[in-house]
Amino acid sequence: MGRPCSDGSERPLAACRESAYMFRQFREEVETALSAALSSLDLPTDDLGVEEPPEDVPATLASSVAFRLAGVVGAAPPKVAADIAEEISVEGYDYLAAVDTQGPYVNFHVTDAYYDDTLDSAAADTEFGRLPSTGDSVVVEHTSANPTGPVHVGRTRNPVIGDAVANLLDFAGNDVDRHYYVNDAGRQMAVFTWAYETFDEEDLDSEPARDRIEYDLVRYYQKGNTYLEEADAADAEAAEEEITAILQGIEAGDEETYARVEEVVDQVLGGMRECLARLPAEFDEFVKETRFMFDGSTRDLADRLKETEYAVYEEDAWQLELDDYGFEKNLVFLRSDDTSLYTTRDLAHHEWKFDNYDRAVTVLGEDHKLQAGQLRAALDILGNDVDKLENVIYSWVNLPGGETMSTRKGTGVMLDDLLDESVSRARDEVEKRLEGRVRDDDLDEDDIDRIARQVGIGAVRYDIVSKQPTKTITFEWDQALNFEAQSAPYIQYVHARCCGIVDEAANAGLDATDVDPSVLTTEAERDLIRTIARFPAVVEAAADDLEPHAVATYARELAEVFNTFYRECPVLDADEDVGAARLALVKAARNAVANALAIVGVEAPESM
RNA sequence: GGGCGCGUAGCUCAGUUGGACAGAGCGUCGGACUUCUAAUCCGACGGCCGCGGGUUCGAAUCCCGUCGCGCUCGCCA
C-alpha cells in the first residue's frame with residue numbers, strides 16, 4: 001500500500017509498521033474494488049456498506065450495499081449482489097483473493113498472503129498493532145482530584161480510564177503527555193490550610209487509617225469541615241475570615257500565603273501520587289492552577305472576555321451570557337471582589353494546552369459535564385479551535401447500599417484498601433494453585449509476590465476499564481475480584497501460556513522464522529490468525545472514538561480464541577512444519593495479547 | 001421543573017457508520033486433566049433489547065412520546 005514511514009524508524013521486518021496494515025489494507029482494497037465495480041455499473045459509491053460479517057460467515061469482510069441499490073436498480077438485493085460480485089475484479093490486489101455472495105451480501109475473501117504477512121509480522125514484531133506516527137502531540141489530562149485526602153474508589157475510574165486513553169493514543173501513533181491538573185487555589189485548599197494550621201494532633205478524633213501522609217493530613221481537613229458546620233456562628237465566621245484571607249492572598253500573588261497552601265498541597269498530593277502509582281497511573285506533569293494566576297494569564301484572559309459581546313457586568317460581577325451556546329445560566333468569570341473562579345483559571349489553563357499541543361483530551365466525571373460545556377463555549381468565544389478539545393466523560397461508582405463516596409465525610413472504600421484486598425485474594429489463589437501445578441518452573445517467593453500483584457491489580461483495572469464509561473457502576477467486591485473468565489487474569493493467563501510454549505519451543509530447538517501458514521488449516525488456527533489480524537484496526541477504531549474498553553473487549557475475545565486453539569492444536573508435539581507454523585502463531589498471539597493488555601494498563605505476566 | 005446520560009438473560013456486561021438468527025461471563029445443570037500451565041475447554045438452560053409510536057427493504061442502534069434511575073442547574077470546585 002506504500003504508506004510512508006512517518007516516524008522514520010527502522011524496526012526489523014516490520015518496516016514502517018507494515019504489520020499494522022494487513023487488515024486495514026485489505027479493507028482499503030475491498031473499498032477500492034467495490035467502488036470501481038459500482039462505478040462501472042453506474043451506481044452510487046457514497047455508501048459502500050462494508051462491515052465485518054458474523055462469525056459463522058467465512059468471509060473476512062462483507063458489504064450490504066445491495067440492499068440500498070435494489071431500489072435504484074429495480075431488482076431484488078440478491079440479484080444486485082450477484083451482479084456487483086460479477087463486476088468486481090480482484091486483479092492486482094495483495095490481499096483480496098475472491099468475491100462471492102450469500103443472499104444479498106457480497107462477501108470478500110483474503111489471499112494466503114494476508115495470513116502469511118499477518119503471521120510473519122505479528123510473530124516477529126513485539127510492537128505489533130502500533131500505528132504509524134500521526135505527528136500529533138496530545139495532552140491527556142486525567143484524575144486531577146483535589147488534594148484533600150486519600151483516593152477513593154468513587155473516583156478510580158478517572159485514573160484507570162485516563163491512563164488507558166493515554167496508552168491508546170500513544171499506541172495509535174500520537175506523542176502523548178499525561179497531566180494532572182492541581183486545584184491549589186480553590187476554597188477547599190484554603191479550608192485545608194486553615195484547618196492544618198489551626199488544629200493540633202490532639203484535637204483530632206481518630207488515628208490515621210494508613211501510614212501515609214494523606215491519611216494523616218485528611219483528618220485535619222475533615223476536622224475543619226466538621227468545625228465549620230458545628231461551631232457557633234461567631235467562631236465559624238472568624239474561621240471563614242481566615243479562609244477568605246488565604247484565598248485573597250493567593251489571588252494577590254502573595255508568596256508567603258502560597259507557601260502555606262503548598263505545604264499542604266504538596267504533602268497530600270505526594271501521598272495520592274504514591275497510591276495512583278500502584279495502578280500504575282503516572283504523570284508527566286502536575287500542572288498547578290496557581291501557575292496561571294501568577295503568570296498573569298488568568299487576568300489577561302478575563303480582560304479579553306470582558307471585551308467580547310457575550311460579556312455583561314451584572315450584580316457587581318463579570319459574567320458571560322451563553323444562551324447562544326444553549327446555557328441558560330450565565331457563567332461568572334470574575335467575582336464581585338474581582339477574584340477569579342475555578343473556570344476562569346481553567347480557561348487560561350486550556351489556552352496554554354492549545355499553545356503547546358495539537359489535541360487536548362480531558363477525562364472527567366459526569367458531575368463536571370456542565371462546567372466542561374461552558375468551558376468549551378468560552379474558549380470558542382475567545383477564538384480558539386475547540387475541535388482540538390475532546391472529553392471522555394464517566395459516570396459515578398456507587399457502593400452496593402446506594403451510599404456515595406466522599407472525602408469530606410470520610411465515607412467510601414479507599415483505593416489502597418481495594419488494591420490490598422485484591423492482591424491478597426490473588427495471593428490466596430496463587431498459593432491454592434501451587435499444589436496442583438503441572439509446570440515445574442519452581443516459583444519462588446518473589447514470583448508469588450509478583451503474580452499476586454499483577455493479577456490482583458490487573459483484575460481491578462480490567463473490571464473498570466472494560467466497561468463503557470457512560471454507564472454507572474455499582475461496586476461489588478466479588479464482582480470486581482472475580483479471577484475467572486472475562487477478567488484480567490483470564491487474559492493474563494493466555495499470555496503466560498504463550499510465553500511458556502515459546503520457552504519450551506526454544507529449549508526443544510523449534511524454529512519459527514520461515515514458516516508456511518498454509519499448513520494452518522483447522523478452524524481454531526484460522527480463527528486465531530484472523531483475530532490477530534484485526535488488532536491494528538481495533539486500535540485504530542478505539543483511538544478514534546477514545547474508547548479503551550473496545551481494546552479490553554478485544555483482548556478477551558482474543559484470549560477466548562487462543563484458549564480454544566490451545567486445547568485443540570499442540571505445538572511441540574505436532575509435525576515439524578505444522579509445529580513451526582503454530583509456534584509463529586503463538587508468538588503472534590503473545591504479541592497481540594501483550595499489547596492489548598498494555599493499552600488497557602494491565603501487566604502481562606510471563607508466568608503465573 | 002429545564003438540560004444531559006443510562007435502561008439488553010436471575011446478576012455483571014459486549015453489541016462498530018442502521019444490516020446475515022441479539023452475544024459473552026457469573027450463577028444453575030451435564031461433560032473433559034497419565035497432555036505445551038484446568039485461573040482452561042466443550043455442551044445445555046436462560047431475551048416483548050424498559051414501554052408505546054414513527055422513519056426504513058431492514059431498528060438494540062435513528063426520531064418522537066412515556067416510565068424508572070443517575071448527574072446537573074452557586075460570585076463551590
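Labels below follow one simple rule: chain letters A, B, ... track the order of the sequence lines, proteins then strands, and each chain is numbered from 1.
What separates CG of A/Asp463 from P of B/G25 is a distance of 17 Å, to the nearest Å. In this entry the distance linking CZ of A/Arg534 with C1' of B/G15 reads 12 Å, nearest Å. The CG-P distance, from A/Asn563 to B/A32, rounds to 20 Å in whole Å. Taking atom OH on A/Tyr490 and atom P on B/C13, their separation rounds to 20 Å, with Å as the unit. The CZ atom of A/Arg27 sits 12 Å away from the C1' atom of B/U17 (whole-angstrom rounding). Remark: P of B/C76 and CE of A/Met189 are 17 Å apart, rounded to the nearest angstrom. Per the geometry, CD belonging to A/Gln374 stands 13 Å off P belonging to B/C76, to the nearest Å. Following rounding to the nearest Å, A/Phe565 (CZ) and B/U35 (C1') show an atom-to-atom distance of 15 Å.
Listed candidates were B/U16, B/C57, B/A14. Nearest to the side chain of A/Thr553 is B/A14. Among B/A24, B/C36, B/A14, the nucleotide with an atom closest to any side-chain atom of A/Leu572 is B/C36. In the set B/C41, B/A20, B/A77, B/C41 carries the atom at the smallest distance from any side-chain atom of A/Arg567. Of the candidate nucleotides B/C36, B/A77, B/A14, B/C36 has the atom nearest to the side chain of A/Pro570. Out of B/C57, B/C26, B/A24, the shortest distance to the side chain of A/Arg68 is found at B/C57. Distances from the side chain of A/Gln468 to the nucleotides B/U72, B/A77, B/A14 place B/A14 closest. Which of B/C36, B/A77, B/G70 sits closest to the side chain of A/Glu366 comes down to B/G70. When distances run from any side-chain atom of A/Gln486 to the nucleotides B/A20, B/A39, B/A24, the shortest one goes to B/A24. Among the nucleotides B/A77, B/U40, B/A20, the one closest to any side-chain atom of A/Pro53 is B/A20. Candidate nucleotides B/A77, B/A39, B/C71 were compared by shortest atom distance to the side chain of A/Asp367, and B/C71 ranks first.
Contacts of A/Val430 with the nucleic acid, taken as non-hydrogen atoms under 4.0 Å apart, include base atoms. Within the nucleic acid shown, A/Val455 comes within 4.0 Å of at least one base atom, counting heavy atoms only. Note on A/His549: only backbone sugar-phosphate atoms sit closer than 4.0 angstrom, heavy atoms only; bases stay farther off. A/Thr343 comes within 4.0 angstrom of no nucleic acid atom, judged by non-hydrogen atoms across all strands. Contact annotation for A/Glu560: backbone-only contact, meaning every heavy-atom pair under 4.0 Å involves sugar-phosphate atoms and none involves a base. Contacts of A/Asp56 with the nucleic acid, taken as non-hydrogen atoms under 4.0 Å apart, include base atoms. A/Cys569 comes within 4.0 angstrom of a nucleotide base, judged by non-hydrogen atoms across all strands.
Each of A/Ala559 and A/Gly49 was assigned the nucleotide of RNA chain B with the nearest heavy atom; the assignment lying further toward the 5' end belongs to A/Gly49. The residue among A/Thr470 and A/Ser64 whose nearest nucleotide of RNA chain B lies closer to the 5′ end is A/Thr470.
Taking 3.5 Å as the limit, the base of B/A77 and the side chain of A/Gln188 contain no donor-acceptor pair of atoms between them. If you check distances only, the side chain of A/Asn107 does reach the base of B/A20 with a donor-acceptor pair under 3.5 Å.
Considering only side-chain N and O atoms, A/Arg335 lies under 4.0 angstrom from the phosphate OP1 or OP2 of B/C76. Regarding contacts with the backbone of B/G7, a side-chain N or O of A/Lys471 is found under 4.0 angstrom from either OP1 or OP2.
By the 6.0 Å and 45° rule, A/Arg497 stacks over the aromatic ring of A/Tyr566.
A/Arg582 and A/Thr522 are not linked by any side-chain donor-acceptor pair at a separation below 3.5 angstrom, with hydrogens and angles left out of the test. For A/Asn146 and A/Thr148, the side-chain atoms include no donor-acceptor pair closer than 3.5 Å. Side-chain contact, A/Asp184 with A/Thr290: a donor N or O sits under 3.5 Å from an acceptor N or O.
For the salt bridge (charged side-chain N to carboxylate O under 4.0 Å, His left out) with A/Arg27, the qualifying choice from A/Glu52, A/Glu540, A/Glu51 is A/Glu540, the only one to do so.
In this structure, A/Phe292 and A/His349 have tilted ring planes: the angle between them lies in the 30° to 60° band.
A/Glu289 pairs by the side chain to side chain donor-acceptor pair (under 3.5 Å) definition with A/Arg345, not counting sequence neighbours.
Heavy-atom distances under 4.0 Å link RNA chain B to A/Glu328, A/Lys329, A/Val332 of residues 321-332 of chain A, given in residue order.
For A/His152 (side chain) and A/Gly154 (main-chain N/O), a donor-acceptor pair under 3.5 Å exists by modelled atom type. The main-chain N or O of A/Gly49 is found under 3.5 Å from a side-chain atom of A/Asp47 such that the two form a donor-acceptor pair.
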Checking salt bridge (Lys or Arg N to Asp or Glu O under 4.0 Å) for the pair A/Glu429/A/Arg425: CA distance, chi angles, key distance, verdict?
CA-CA 6 Å; A/Glu429 287 294 324; A/Arg425 292 196 192 193; over 6 Å; no
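Taking the ring centroids of A/Phe26 and A/Phe23, they lie at or beyond the 6.0 Å cut-off.
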Given the rule that a pair is Watson-Crick or G-U wobble with both distances under 3.5 Å, how would you write RNA chain B in dot-bracket, using | for pairs to a different strand?
(((((((..((((.....[...)))).(((((.......))))).....(((((..]....))))))))))))....
